[in-house]
Protein chains: 2
Amino acid sequence: MGTSRASARSVVFAPLDPHSRAETVVRRLTDAITFGLLTDAEQLPSETDLAAQFGVSRVTVREALVALRQQNLVETRRGRGGGSFVRAPAAAADRSLRSRLSELSLPNLRDTADHYAAVAGAAARLAAQRADADDILRIEEVDADVAGPPHRMERAYHLEVAAVAQSARLAREEIRFATELGTLLWSPILQSVDGAYDPHAEHRAITAAIAAGDGDLARGLTEKHIETAVERLVTLHLTLVEP
Amino acid sequence: MGTSRASARSVVFAPLDPHSRAETVVRRLTDAITFGLLTDAEQLPSETDLAAQFGVSRVTVREALVALRQQNLVETRRGRGGGSFVRAPAAAADRSLRSRLSELSLPNLRDTADHYAAVAGAAARLAAQRADADDILRIEEVDADVAGPPHRMERAYHLEVAAVAQSARLAREEIRFATELGTLLWSPILQSVDGAYDPHAEHRAITAAIAAGDGDLARGLTEKHIETAVERLVTLHLTLVEP
DNA sequence: CCTTTAAAGTCTGACGCCATACGTTTTCGC
DNA sequence: GCGAAAACGTATGGCGTCAGACTTTAAAGG
C-alpha cells in the first residue's frame, strides 16, 4: 500500500528537467550526430527553421550551435548556401560508443532491454493482427535493403513493423529506443564478436510470423532477437569493465 | 527507407516542451489533485520543500500555487502549521473525468491502451520469472485490501506486480499510465455500467499465473484485463460523444 | 561583373526564472 | 502570556529566453 502511494508521489513531485533550453537542443543534436542520425557533411536546417521546429527562439539555437562548434561537431558558413554542416568523424563515434557502453550499469542495460523487448514485441504482435498484403511487402522491401550499417537496418526494420502495427505511440517508443540503445545493440563492433549471428534470417522469421497472422510467435521471435543482441552487448560490456 | 529516416528526424527535431516551468508545476499538481493522487484536505509540502523536490526556485512554486488557488484546488494559510492544503471536491473530479473522456479521440485511447497493455503485460511476465514466495504474499496482501476507490486498488496491484518484476523502468511506466489513464480505466462510473465485472477475480487469476511461474499466461491475462476495461471505456465514450 | 537572395551575426527591451535576503503572520510549546 | 519556529509574502540583481529588427557575408544567377 505504502509502496504505490510513495511511488505515485515520486512521479508527481519528480524534479523538472534541469537543463536549459539551449542545453537541451545541444544534447538533441549531439546525440543525433554521435549516433549517426545526422551524417558527416550533412547540412542542418537554417537557424530560423531549427528555431521553428524546436519551438525555441533563434538566440537559443545560436547558443546551441556555439556549443556544437566548440565540440567540433559542426562547422558554420555565412552567406547564401551557408549554414551549419555536420562533422562526424567515424573514429569518434566508435570511441563514443565504447565509452558509452562502459558507463552503463549492467542492471540498467538489462532493464532498458526488457522495456525495449516489451515495446518491440507488442508492435510485432499488433502488426500480425493488423497487416495486409501491402504491409508485408513493405516490410520485406525494407529488410531486403542491406546497403547501410547494421544499426540503420535494424532501426528501419523495427520501425516499419511498428508502423504496420498502426500505433503512433509504439512507433515513437521504437524511435526513442533506436536512438537510446539501438546503436549499441546493433553496432558493427558486436558483429565481429560472433560471426554466426544473422539478423536478417531472424527478421525473415519474424516477418513470416506477421504474414501468417501469428501474433504470439511474432512477439516471441522479436523478444528473442533483442535478448540475443543484449547478451552479446553484455559480453562486450564485461570485457570493457573487467580488463 | 524514407519512413525510418523521416521518423527518426521527427524525434531529433521535435519541439521542446512549450510550457513554462511554473505551468508544468501547475499541471503536475492539478493532475495529481484531479486524479486523486493528492486527497482533499491533504497538506502539500512547504514551498521550500516543493521547490527542492521539483528542482525549481521558490518563486516558481509560488507562481504555481497562485494558479492553483485561482482554480480553487488549494487554499493557503500563513504561519506555523500553515501551508497549502488540497481542496478536491468529488463532484468536480467526476465532471473532470467525463470532460477528459469526451476530449479523447478513440484511436488515441486505443493506442494508449495498447501501449499500456504491452507494459503491464511485460511486467506480469517478468514477475512470473522473478517472483519468490514473499513476493507472491505481498501481491496477495495488496490485492486483499479493498478499502479504497477502484482506481487506487488497480494502481496498487499493478504497481506491486511491476515492483516484483524488478524493473525500475516498467514500474515508472506503470505509474505514468496509472496517472494518465488509470483513473479513467478503473473509474467507479464504469463499475456501474456492468455489474458482472470482477477485477479482483481477474487479479487472483493473474497472481496464480505469476505464482506458477507461467509468464505467458500472466501476460495474457493482464492484457485481457486491460482490454476489457478499455472496451468498457469505449462504450462510455460513445454515449458521451453521440448523445 | 553586378544584383539578388539566403543565411549568419548583432542588438534591444520585455519577461520568466534563479538564488538570496528580509518582513509579516500564525501556531506551538513552555 | 511570551518567545521561538515554521511558513508564507515581498523584493532584488543577474541570467536565460523570447520576439523582432537591422547589418554583414557569401553564393547563386543573369
Side-chain angles (χ1 to χ4, degrees), chain A residues 9 12-30 32-33 38 41-87, chain B residues 9 12-30 32-33 38 41-87:
Chain A
R9 278 172 170 266
V12 173
F13 297 116
L16 270 61
D17 183 4
H19 303 114
S20 73
R21 290 164 82 74
E23 204 175 314
T24 301
V25 172
V26 170
R27 297 166 79 90
R28 283 273 190 88
L29 295 176
T30 299
I33 293 168
L38 295 175
E42 181 174 357
Q43 180 171 19
L44 296 181
S46 71
E47 291 178 356
T48 305
D49 285 347
L50 280 177
Q53 290 179 42
F54 284 125
V56 299
S57 160
R58 226 183 105 217
V59 174
T60 305
V61 168
R62 297 185 54 72
E63 193 73 37
L65 288 172
V66 166
L68 287 169
R69 282 196 290 273
Q70 283 168 1
Q71 293 177 56
N72 287 311
L73 291 178
V74 299
E75 69 181 14
T76 300
R77 296 195 287 273
R78 295 183 61 168
R80 197 170 197 261
S84 294
F85 298 80
V86 174
R87 288 170 32 168
Chain B
R9 278 174 169 266
V12 174
F13 297 118
L16 268 63
D17 184 4
H19 303 112
S20 72
R21 288 164 83 74
E23 205 174 313
T24 300
V25 172
V26 170
R27 297 165 79 89
R28 285 268 192 93
L29 295 175
T30 299
I33 294 168
L38 295 174
E42 182 174 356
Q43 180 171 18
L44 296 182
S46 71
E47 291 176 356
T48 305
D49 284 348
L50 281 176
Q53 289 178 43
F54 283 126
V56 300
S57 160
R58 225 184 106 218
V59 173
T60 305
V61 167
R62 296 188 52 73
E63 192 74 36
L65 288 171
V66 166
L68 287 169
R69 282 197 291 273
Q70 281 167 3
Q71 294 178 54
N72 288 309
L73 290 178
V74 300
E75 69 181 14
T76 300
R77 297 194 287 272
R78 294 182 63 167
R80 199 167 194 265
S84 293
F85 298 81
V86 174
R87 285 167 37 167

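A note on names: the letters A, B, ... follow the listed sequences, proteins ahead of strands, and every chain is numbered from 1.
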Task: Atom pair CD1/CG of A:I33 and A:L68 - distance to nearest 0.5 Å - done: 5.5 Å
Open item on the list: Any side-chain to backbone donor/acceptor pair from B:R28 onto A:V12? Under 3.5 Å, distance only.
Closed with: yes
Open item on the list: Give me the atom names and distance for the closest heavy-atom approach of A:A64 to A:A22.
Closed with: CB-O, 3.8 Å
TODO: Kindly state which residues belonging to residues 51-61 of chain A come within less than 4.0 angstrom of DNA chain C, counting heavy atoms of the residue only, listed by number.
DONE: A:R58
- [ ] Please round to the nearest 0.5 Å and tell me the distance separating atom CG of A:L65 and atom CG of A:L44.
- [x] 7.0 Å
- [ ] State which of C:dA8, D:dG9, D:dG16 makes the closest approach to the side chain of A:S20.
- [x] D:dG16
TODO: Round to a whole Å and report the spacing from CG of A:L65 to P of C:dA7.
DONE: 14 Å
Open item on the list: Just the rounded figure in Å: distance from P of C:dA8 to CD of A:E75.
Closed with: 13 Å
Open item on the list: If I take atom CG in residue B:D49 and atom P in nucleotide D:dA6, what distance separates them, rounded to the nearest angstrom?
Closed with: 11 Å
- [ ] Provide, to the nearest angstrom, the distance between the CD atom belonging to B:Q43 and the P atom belonging to D:dA7.
- [x] 7 Å
Task: Partner residues of B:E75 under the side-chain hydrogen bond (donor to acceptor under 3.5 Å, both in side chains) criterion, sequence neighbours left out - done: B:R77, B:R87
- [ ] Output yes when at least one side-chain N/O atom of A:R21 is less than 4.0 Å from OP1 or OP2 of D:dG16, else no.
- [x] no
Task: Distance in angstrom units between A:E47 CD and D:dA19 P, rounded - done: 15 Å
Open item on the list: Determine whether a donor-acceptor pair (N or O, by modelled atom type, separation under 3.5 Å) exists between the side chain of B:E47 and the backbone of B:V59.
Closed with: no
Open item on the list: Take a 6.0 Å sphere around CZ of A:R27 and say whether it holds more than 12 heavy atoms from other residues, nucleotides or ligands.
Closed with: no
- [ ] Grab the two heavy atoms, one from B:G83 and one from B:Q43, that are nearest each other, plus how far apart they are.
- [x] CA-NE2, 4.0 Å
- [ ] Measure from CZ on B:F85 to C1' on D:dA6 and round the result to the nearest Å.
- [x] 12 Å
Open item on the list: Using 0.5 Å steps for rounding, measure from the CZ atom of A:F85 to the CG atom of A:L38.
Closed with: 13.5 Å
Open item on the list: How many whole angstroms separate atom CD of A:E23 from atom P of D:dC15?
Closed with: 17 Å
Between the protein and nucleotides 25-29 of chain D, list the N/O to N/O atom pairs that are separated by less than 3.5 angstrom.
{"unit_1": "D:dT25", "atom_1": "O4'", "unit_2": "A:R78", "atom_2": "NH2", "d": "3.2"}
{"unit_1": "D:dT25", "atom_1": "O2", "unit_2": "A:G79", "atom_2": "N", "d": "3.4"}
{"unit_1": "D:dA26", "atom_1": "N3", "unit_2": "A:R80", "atom_2": "N", "d": "3.1"}
{"unit_1": "D:dA27", "atom_1": "O4'", "unit_2": "A:R80", "atom_2": "O", "d": "2.7"}
{"unit_1": "D:dA28", "atom_1": "O4'", "unit_2": "A:R80", "atom_2": "NH1", "d": "2.5"}
{"unit_1": "D:dA28", "atom_1": "O3'", "unit_2": "A:R80", "atom_2": "NH1", "d": "3.2"}

Task: Atom-pair distance (CZ on B:R62; P on C:dG16), nearest Å - done: 16 Å
